[in-house]
Amino acid sequence: MLTITRKLEFDAGHRIPDHKSQCRNLHGHRYTLEITLTGEVIDADGNSDNGMIMDFSDVKALAKQHLVDVWDHAFIVYEKDDKVLDFLSSLPDHKTVVIDRIPTVENLAQVAFTILKTVFIDRFGTGLRLHKLVLHETPNCWAEITDA
Ligand SMILES: Nc1nc2c(c(=O)[nH]1)N=C([C@H](O)[C@H](O)COP(=O)(O)OP(=O)(O)OP(=O)(O)O)CN2
Ligand SMILES: [Zn+2]
């Protein structure tokens, strides 16, 4: 299978409220997101996308619009983490992203995949789709999801 991968990075805060150790504290990461797309190579002479699955600059622009700019410099918080939600809501204009699950890297990867699979759709009639997403929480820790 032929794929392309675009890497983007963003910073976000989180905590894992039930964690047995350090990760129950408020802290942050520089996350690395790898978006892997598949589809036929575009064959259209004179078209800017000719020879590509999708232009990397368009992959970046869409990923930023729908996910990266939403999560960058946000605090990502579980909807049942009441203490942190109360605190964040006391901060004027704080950038907070509330999600329906604990913000482990596994869960963030699943949320990101759900969002981006609706963005990277068959826009060229080439079968373009999101094949895989990798989210690194630290250089040593990451989660991967591959389209079933
Ligand atoms: N399965 C998971 N385990 C842990 C998660 C997670 O999301 N899924 N998250 C954390 C912490 O939030 C943190 O991201 C990881 O901390 P740590 O284990 O300290 O990772 P480091 O890469 O910094 O560790 P080094 O020992 O410095 O390599 C914890 N567990
Ligand atoms: Zn963490």
Side-chain angles (χ1 to χ4, degrees), residues 1-42 48-49 51-91 93-124 126-148:
M1 175 189 289
L2 181 65
T3 66
I4 58 169
T5 299
R6 182 64 160 92
K7 187 157 84 172
L8 296 99
E9 294 181 280
F10 61 93
D11 302 286
H14 80 150
R15 79 163 188 144
I16 302 176
D18 299 327
H19 192 253
K20 63 187 173 200
S21 183
Q22 301 254 48
C23 300
R24 63 170 55 239
N25 300 311
L26 306 184
H27 66 282
H29 298 285
R30 182 154 182 86
Y31 289 90
T32 302
L33 176 69
E34 294 175 23
I35 297 165
T36 298
L37 306 177
T38 191
E40 292 164 27
V41 171
I42 295 164
S48 173
D49 302 321
M52 303 176 183
I53 289 176
M54 187 176 192
D55 191 320
F56 285 123
S57 64
D58 295 330
V59 181
K60 176 183 176 182
L62 286 168
K64 279 173 65 66
Q65 179 188 346
H66 293 277
L67 185 78
V68 171
D69 287 351
V70 181
W71 287 7
D72 189 34
H73 285 80
F75 196 94
I76 304 172
V77 60
Y78 179 36
E79 66 184 4
K80 292 185 179 164
D81 193 348
D82 294 328
K83 288 191 176 67
V84 171
L85 275 171
D86 286 349
F87 166 63
L88 294 173
S89 63
S90 77
L91 303 176
D93 300 322
H94 191 268
K95 189 173 178 182
T96 302
V97 172
V98 182
I99 61 171
D100 64 355
R101 58 201 84 179
I102 293 169
T104 59
V105 72
E106 294 93 328
N107 283 339
L108 292 176
Q110 290 184 87
V111 172
F113 194 91
T114 299
I115 293 168
L116 293 179
K117 79 178 178 192
T118 67
V119 171
F120 295 106
I121 52 172
D122 190 9
R123 58 181 63 218
F124 306 118
T126 55
L128 176 74
R129 65 186 166 86
L130 179 62
H131 171 62
K132 181 177 169 184
L133 182 148
V134 182
L135 185 65
H136 285 255
E137 190 169 67
T138 77
N140 303 317
C141 305
W142 66 91
E144 302 186 10
I145 308 182
T146 304
D147 196 19

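The figures that follow rest on heavy atoms only: side chains count, while hydrogens, waters and symmetry mates do not.
If you check the side chains of Thr138 and Asn140, you find no donor sitting under 3.5 Å from an acceptor. A side-chain donor from one of His94 and Thr96 sits under 3.5 Å from a side-chain acceptor of the other.
Listed for the Arg24 side chain is a donor-acceptor partner under 3.5 Å among the backbone atoms of His19. With His29 contributing its side chain and Glu137 its backbone, the two residues share a donor-acceptor pair below 3.5 Å.
With His27 as the fixed residue, the side-chain hydrogen bond (donor to acceptor under 3.5 Å, both in side chains) test singles out one of His14, Arg15, Gln22: His14.
We find the CZ-CD1 distance between Phe113 and Ile35 to be 11.0 Å, quoted to the nearest 0.5 Å. To the nearest 0.5 angstrom, Ser57 atom OG is 7.5 Å from Met52 atom CE. Note that CD of Glu106 and CD1 of Ile145 are 10.0 Å apart. Values are rounded to the nearest 0.5 Å. Here Lys117 contributes atom NZ and Leu130 contributes atom CG; the two are 9.0 Å apart, rounded to the nearest 0.5 Å. In this structure, Leu37 CG and Leu133 CG are separated by 10.0 Å, a value rounded to the nearest 0.5 Å. How far CG of Asp81 is from CZ of Phe87: 12.0 Å, rounded to the nearest 0.5 Å.
For Leu2 against Thr38, the heavy-atom pair with the smallest separation is O-OG1, 2.8 Å. For the residue pair Thr118 and Ile121, the shortest heavy atom distance occurs at O-CG2, 3.6 Å. Minimum interatomic distance between Leu88 and Phe75 (heavy atoms only, all atoms of both residues): CD1-CD2, 3.7 Å. Between Trp142 and Pro139, the shortest heavy-atom distance links the atoms CZ3-O, 3.9 Å. Contact detail for Leu108 and Trp71: the closest heavy-atom pair is O-CH2, 3.6 Å. Heavy-atom minimum distance, Val119 versus His66: CG2-CG, 3.5 Å.
Between Asp122 and Arg129, none of the side-chain N atoms (NZ, or NE/NH1/NH2) sits under 4.0 Å from a carboxylate O, so this pair counts as no salt bridge.
Residues Leu67 and Leu33 are in side-chain contact: their nearest non-hydrogen atoms beyond the backbone lie under 4.5 Å apart. Contact annotation: the side chain of Tyr31 never approaches that of Asp11 to less than 4.5 Å [non-hydrogen atoms, C-beta and beyond]. Within the 4.5 Å cutoff, the side chain of Lys132 has no heavy atoms near those of the Glu34 side chain. With a 4.5 Å cut-off on side-chain heavy atoms, Ile42 and Ile53 do not count as touching. Counting heavy atoms from C-beta on, the side chains of Ile76 and Ile99 come closer than 4.5 Å.
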| task | Begin from the C-alpha positions of Gln110 and Arg101 and carry the test side-chain contact (heavy atoms from CB on, under 4.5 Å) through to its verdict. | result | CA-CA 10 Å; Gln110 290 184 87; Arg101 58 201 84 179; 3.9 Å; yes
Review point. What's the verdict on side-chain hydrogen bond (donor to acceptor under 3.5 Å, both in side chains) for Thr36 and Thr3, showing C-alpha distance, side-chain angles and the deciding distance?
Key: CA-CA 6 Å; Thr36 298; Thr3 66; 5.4 Å; no
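Taking Lys60 as the reference, Arg6, Leu8, Lys64 meet the side chain to side chain contact (heavy atoms under 4.5 Å, CB included) condition, with sequence neighbours excluded. Every residue meeting the side chain to side chain contact (heavy atoms under 4.5 Å, CB included) condition with Arg123, not counting sequence neighbours, appears here in chain and number order: Met54, Leu62, Leu128. Residues that satisfy the side chain to side chain contact (heavy atoms under 4.5 Å, CB included) test with Glu9, not counting sequence neighbours, are Arg30, Thr32.
A 6.0 Å sphere centred on NZ of Lys95 holds more than 12 heavy atoms belonging to other residues, nucleotides or ligands.
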